[in-house]
Amino acid sequence: MALQQIDQFSAKLRPETRASVYDGSKKGHEKRTSVLFDHYPDPDHLRRLAGNIKQHVVENLDTLLPAAAAALERNGVKVHWASTAEEANAAVLAIMRARNATKMVKAKTMVSEETHLADYLGKNGVECVETDLGEFIIQIDGDHPSHIVKPIIHKNRRDIATSFEKNGLGAYNDDPQTITRRARAHLRKKYLEADVGLTGANFVTTDTGRLVLVTNEGNSRFCLAATPCHIAMVGIEKLLPRETDLGLYLNLLARSGTGQQLTVYTEFISGPRSATQPDGPEEMHVIFVDNGRTDALASDCREILRCIRCGACLNVCPVYRQASGHAYRSVYPGPVGAVLSPLLAGERFPELADLPKASSLCGACNEVCPVNIPIPDLLLRLRNRGKQEGSKAAAAGTPPMGAWSLLASQPFVWKTSLLAGNSLNYIPKSLIPVPPMQTWLRDRTLPAWRGGAFRKWLANRPTPPAAK
Amino acid sequence: MARQPPYPARRQITPPAPSFLLPAPMPSPRDTLLARVTSALAPLPKRAPLPNWDNELVIMRQARGPVDAWTFFAERLKAVNGTPLASTTDLVATLTQGGWKHGYCDPALWDELRPAFDAAGGFNVETTFDRARIDDYQFCITAATAGIAETGTLVLSDLDTSRRLAALSPWVHVAVLRRAQIHIDVPAAIAALPQDPNVIWCTGPSKTADVEGILIEGVHGPGIQIALLLG
């Protein structure tokens, strides 16, 4: 029987890659758990609360989005709107062309991965340098991130040292400290030469119009200290209703993502630099990007838009740990990706409709989610949609269920086979002509068949008084 | 080698053709996007309410003990590999020990700090910052806007930081903090966020764990983050 695409990918995974992904995600999960439960008596309560606030945001985007845009504009930010990836990329390019800008330094943003911004700008004569260490390595390798928070979780230090050597960043050296120092020296020149710094945003406060960036390395600070123009690409679901809600989300995001109480740098950006400040952008643009989010909003899976991209569900997922992020063939891997990627794919949904099946529905992703997204429920809804839309990708590797569905949908056939099953109590089990059943029976015994007993009980049960 | 995405970019959605004889004016990108949001939400019978919550919920349960704000702050800063220092003499000793003799200091702070540097001798401290030679400055001293004790966080802002680059590019960054500026926890600091376009919370030195999950400090920002208590 043909395997699901994710199983095919996983079967061919290099053992070193599997080990890197497994160790990295397991460590991340353990750190998260110990920090959250060490610091808070009831982290579960915080998750549910954060989920409820975000659900409010998702269901009130029609009023919150204009409010956020107005707050940003009050702060001197130019706001742009992009319904598609193409429009978002074109908006970035238009801003750059208007400034005769040709060089961009870029901090890590998932939405720019969705729109393939770096490729697009490259084709249009703009040098676009990834500055997050992991993303930088991805860029020089021509690779793709395989984790939302740890983009190079699939690489080991020897892989990285080899690509540094190939790209003229010094002789082979696989010491992580040396690798980091070389990237530091290389990239600070890039910041100082750049015309534009591009970032994403983890949160946007609707009442005060602040963009909040949650980072560790300092590259996004550099993008906003060395360049004269700041462009932020922001998914429309990133809003928080009140600035005070940050107290909840900042505490949850860092602990869930990297097991830190706070990340090293939490940046609150609300406009161009102030008049007294010599460094930083004189111009700031925010591009609100839809790119399929309104499709997800219209679907019965809109809860996925609560996601704050911490990566905790990837780290805990037994399928992600074995298959790695690239197995998901999309920007968002892991359980969140299995829901979000097919939804964002628009009319290409059937091509990714197998992803919701890449789960044992164990529920760990829901349990660790800082915004309590019911991922297993959403996976089931999308499995249903995949079946309804007749997706070939989703059907691959599914055992034929024709006989079972005949049995289960025709009451007469069902009842007859239940009765016929009673004969199993009288014939030796070794005569059952089903090989998998024989394998199963090697180490186990079947209980006595009681087919029909429940139906008999149900038909003759005493009527409860309330139903009279 | 060109980056070939293994997965397709999302296809362009063609807007519906106008149904009138006269072409309707093109809706603005803003109207188009917001219309999609509105129509996606239209079938919802009711919207999820916005819950209120209590700040107490997110306060870490670490015992604060009967210590003052600075002591608590210093303890938490050490927990994230930051360096709390309580006097200019300690600062000069730390810089000397590290061999960091060339630096920049916010001119507004220099008068206060200068005696300790002069007493030690051998320092070259500039009070203007030249972005063409950012790697010349081994240490930079700027003013902090606030501190957060619970997390060991230094708060920087445009209004108080003389140069954004000076607080970011050197190996050693020294933020000058006053006792009265220390907030006890994160909700207090959120409530007191300054009206400033660039507020940065720094919790320890710049770090990454991208390579095999191994912690490396000093990625793009400072490898040594010092909080200097003055007054």
Side-chain angles (χ1 to χ4, degrees), chain A residues 24 27 39 41 49 52-53 55-56 59-62 81 83-86 116 119 133-134 142 152 156-157 160 176-177 179-180 184 216-219 221-222 225 241 244 246-248 251 261-262 264-271 273-274 277-280 290-292 294 297-298 329-330 346, chain B residues 1 3 5-13 29-30 32-34 36-38 40-41 44 47-51 53 55 57-58 60-61 131 134 151 153 158-159 163-165 168-169 186-187 190-191 193 196-204 206-208 210-214 216 219-221:
Chain A
K27 237 189 275 173
H39 291 175
L49 174 65
N52 290 342
I53 295 174
Q55 188 67 19
H56 168 84
E59 294 187 12
N60 290 276
L61 278 176
D62 50 350
W81 305 81
S83 288
T84 62
E86 291 79 4
H116 306 297
D119 291 337
L133 178 62
I152 51 168
N156 60 34
R157 61 176 91 183
I160 299 164
Q177 177 127 350
I179 290 170
T180 309
R184 177 184 171 102
N216 271 317
E217 296 183 0
N219 57 313
R221 281 184 72 193
F222 242 119
T244 46
L246 285 169
L248 176 63
N251 273 310
Q261 49 179 8
L262 285 177
V264 175
Y265 302 120
T266 307
E267 302 161 54
F268 306 81
I269 314 296
S270 58
R273 68 167 186 239
S274 45
Q277 176 57 243
D279 299 323
D290 177 345
N291 195 32
T294 48
L297 188 63
R329 317 192 306 283
S330 43
Chain B
M1 191 170 55
R3 292 181 88 195
Y7 42 83
R10 208 169 169 276
R11 255 184 232 161
Q12 176 102 37
I13 295 170
R30 176 192 161 105
T32 309
L33 199 160
L34 288 176
R36 289 184 62 93
V37 172
T38 308
L41 290 171
L44 282 186
R47 312 286 180 92
L50 176 59
W53 58 281
N55 277 340
L57 277 180
V58 293
M60 276 161 62
R61 65 172 165 191
R131 74 174 255 156
I134 58 168
T151 51
T153 300
D158 253 12
L159 252 40
R163 294 289 306 248
R164 284 190 196 181
L165 281 171
L168 176 64
S169 61
V186 169
I190 293 278
L193 270 181
D196 191 291
N198 194 265
V199 182
I200 313 280
W201 288 6
C202 306
T203 309
S206 150
K207 68 171 70 141
T208 187
D210 272 348
V211 182
E212 292 188 9
I214 297 159
I216 303 290
V219 191
H220 305 279

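Lettering of chains follows the sequences in order, A, B, ..., and the numbering in each one begins at 1.
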Peer 1: For the atom pair CG (B:L34) and CG (A:L61), what is the distance rounded to the nearest 0.5 Å?
Peer 2: 9.5 Å
Peer 1: Is B:L57 close to chain A through its backbone or its side chain, or both, or neither, when contacts mean heavy atoms under 4.5 Å?
Peer 2: both
Peer 1: On a heavy-atom basis, which atom in B:V211 and which in A:P176 lie closest, and how many Å separate them?
Peer 2: CG1-CB, 4.0 Å
Peer 1: First locate atom CG of B:L50, then atom CD of A:E59, and finally report the distance between them rounded to the nearest 0.5 Å.
Peer 2: 12.0 Å
Peer 1: Taking every non-hydrogen pair under 4.5 Å, which of A:A225, A:G218, A:P241 racks up the most with chain B?
Peer 2: A:A225
Peer 1: Pick from B:T153, B:D196, B:V219, B:V37: which one has the most heavy-atom pairs with chain A under 4.5 Å?
Peer 2: B:V219
Peer 1: For B:W53 and A:G247, work out which heavy atoms get closest and say how close.
Peer 2: CH2-C, 4.0 Å
Peer 1: Whether A:D290 and B:R36 form a salt bridge (side-chain N of Lys/Arg under 4.0 Å from carboxylate O of Asp/Glu) is what I want to check.
Peer 2: yes
Peer 1: Quick one: which of B:V186, B:L41, B:T38 has the most heavy-atom pairs under 4.5 Å with chain A, could you say?
Peer 2: B:L41
Peer 1: Supply the atom-to-atom distance B:D210 CG to A:R157 CZ, rounded to the nearest 0.5 angstrom.
Peer 2: 14.0 Å
Peer 1: So A:N216 and B:S206, side-chain contact (heavy atoms from CB on, under 4.5 Å) or not? Walk me through it.
Peer 2: CA-CA 6 Å; A:N216 271 317; B:S206 150; over 6 Å; no
Peer 1: Can you tell me how far apart OG (A:S270) and CG (B:N198) are? Round to the nearest 0.5 Å.
Peer 2: 8.0 Å
Peer 1: Considering only heavy atoms and a distance below 4.5 Å, find which of B:N55, B:T203, B:L159 pairs most often with chain A.
Peer 2: B:T203
Peer 1: Between B:P197 and A:G271, what is the shortest heavy-atom contact and its length?
Peer 2: CB-O, 3.7 Å
Peer 1: With a 4.5 angstrom heavy-atom cut-off, could you sort out which part of B:L44 is near chain A: side chain, backbone, both or neither?
Peer 2: side chain
Peer 1: Grab the two heavy atoms, one from A:F222 and one from B:H220, that are nearest each other, plus how far apart they are.
Peer 2: CE1-O, 3.3 Å
Peer 1: At a heavy-atom separation under 4.5 Å, does B:S169 approach chain A through its side chain, its backbone, both, or neither?
Peer 2: both
Peer 1: Heavy atoms only: give me the nearest B:I190-A:T244 pair and the separation to one decimal.
Peer 2: CG2-CA, 3.9 Å
Peer 1: Does A:D279 reach the main-chain N or O of B:L165 with its side chain, forming a donor-acceptor pair under 3.5 Å?
Peer 2: yes
Peer 1: To the nearest 0.5 Å, how far apart are CD1 in B:I200 and CZ in A:F268?
Peer 2: 9.0 Å
Peer 1: Please classify the contact of B:I214 with chain A as side chain, backbone, both or neither, using a heavy-atom distance under 4.5 Å.
Peer 2: side chain
Peer 1: Could you please spell out the steps behind the side-chain contact (heavy atoms from CB on, under 4.5 Å) verdict for A:R221 and B:R164?
Peer 2: CA-CA 9 Å; A:R221 281 184 72 193; B:R164 284 190 196 181; over 6 Å; no
Peer 1: Give the minimum heavy-atom separation between A:Y265 and B:G221, together with the two atoms involved.
Peer 2: OH-CA, 4.3 Å
Peer 1: Of the backbone (N, CA, C, O) and the side chain (C-beta and beyond), which part of B:P51 lies under 4.5 Å from a heavy atom of chain A, both, or neither?
Peer 2: both
Peer 1: Do B:T208 and A:E217 have side-chain N/O donor and acceptor atoms under 3.5 Å apart?
Peer 2: yes
Peer 1: Under the side-chain contact (heavy atoms from CB on, under 4.5 Å) criterion, do B:D158 and A:R273 qualify, and how do the steps go?
Peer 2: CA-CA 7 Å; B:D158 253 12; A:R273 68 167 186 239; 3.8 Å; yes
Peer 1: With a 4.5 Å cut-off on heavy-atom pairs, point out which of A:L246, A:L133, A:I160, A:I179 contacts chain B the most.
Peer 2: A:L133
Peer 1: Between CG of A:N156 and CD of B:E212, what distance do you get to the nearest 0.5 Å?
Peer 2: 5.5 Å
Peer 1: Please classify the contact between A:N251 and chain B as side chain, backbone, both or neither, with a heavy-atom cut-off of under 4.5 Å.
Peer 2: side chain
Peer 1: Hey, are the side chains of B:T32 and A:W81 touching, using non-hydrogen atoms and a 4.5 Å cut-off?
Peer 2: no
Peer 1: With side-chain contact (heavy atoms from CB on, under 4.5 Å) as the test, would you mind laying out the steps for A:Q261 and B:M60 before giving the verdict?
Peer 2: CA-CA 9 Å; A:Q261 49 179 8; B:M60 276 161 62; 3.8 Å; yes
